[in-house]
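Below you'll find the structure, written out as structure tokens, and then a few comments.
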Amino acid sequence: MQAGNSFFNFNAPIIVLKSLFQKYDKNGSGFLEEKEIRCLLESDLGLNASQSEIYTLLLDKNGDHSVSFEDFVNWLRSEERFQNIDNSSRYAILSQALDYFKSFDVDDNDSLSLDEFKKEAQGNKMHPTWKEVTRDAYASATNTFNRVC
């Protein structure tokens, strides 16, 4: 589907992956920041803006708005490819989840504090078992979209 599927090869030389990574690491930080990863996803890998928004959040493992080279390579060498968008029902669920996530993220920092989640959950009269969800999901008291999905 996407133009960049050739990068999803376990045998792709590390120098090729490093070159791709460095092409978009404009500030030389060793990390692809949010704008850089979205540019890569859209330009070289053929995603549209909505798809790249979701993948940017999924690839950002710790919520710091950046992707390390190691995480980038691990993703390209995984068998995931673009399963999250190629499967239309999975993509619809992720899109809806992102909309919910954004509505809960009142300070717009791409992470949910336990207080943000509780306030939104109570305000929307979520099922009473939300306490069970927060017990496990919020052990660290903060979650990114990646951890929620």
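When reading the values below, keep in mind they use all heavy atoms of this one structure, side chains included, and skip hydrogens, waters and symmetry mates.
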* Asked: Listed by chain and number, what are the salt bridge (Lys or Arg N to Asp or Glu O under 4.0 Å) partners of E34, not counting sequence neighbours?
  -> none
* Nearest 0.5 Å please: distance from the OG atom of S95 over to the CZ atom of R90. => 11.0 Å
* Structure fact -> CG (D71) and CG (N62) are apart, to the nearest 0.5 Å, by 8.0 Å
* **L76-F69 co-clustered via ILVMFWY side chain contacts under 4.5 Å** => yes
* Distance (rounded to the nearest 0.5 Å) between E33 CD and Y24 OH -> 15.5 Å
* Distance (rounded to the nearest 0.5 Å) between D60 CG and S68 OG -> 10.0 Å
* **Partners meeting side-chain hydrogen bond (donor to acceptor under 3.5 Å, both in side chains) with S50 (sequence neighbours left out)** => Y91
* Asked: With the 4.5 Å side-chain cut-off for hydrophobic clustering, are V73 and I37 part of the same group?
  -> yes
* Does the side chain of Q51 come within less than 4.5 Å of L41's, by heavy atoms? -> no
Under 3.5 Å, which donor-acceptor pairs do the side chains of residues 13-23 form with other protein atoms, sequence neighbours left out?
| unit_1 | atom_1 | unit_2 | atom_2 | d |
| --- | --- | --- | --- | --- |
| K23 | NZ | D44 | OD2 | 3.1 |

* **Sub-4.5 Å side-chain heavy-atom contact between L58 and L94** => yes
* Exercise: identify the closest heavy-atom pair between D25 and E36 -> C-OE2, 3.7 Å
* Can I54 and N84 be said to form a side chain to side chain contact (heavy atoms under 4.5 Å, CB included), step by step? -> CA-CA 9 Å; I54 288 175; N84 287 316; 5.7 Å; no
* Least distance between heavy atoms, N87 atom then S89 atom -> OD1-OG, 2.8 Å
* ring-ring contact (aromatic ring centres under 6.0 Å, His included) partners of residues 34-59, not counting sequence neighbours, each pair once -> Y55-W75, Y55-F82
* To do: For K102, check salt bridge (Lys or Arg N to Asp or Glu O under 4.0 Å) against everything at least two apart and list the hits.
  => E53
* Decide yes or no for L98 and L57: does some side-chain heavy atom of the first lie under 4.5 Å from some side-chain heavy atom of the second? => yes
* Structure fact -> Sorted by chain and number, sequence neighbours left out, side chain to side chain contact (heavy atoms under 4.5 Å, CB included) with E42 holds for R38, A49, S52
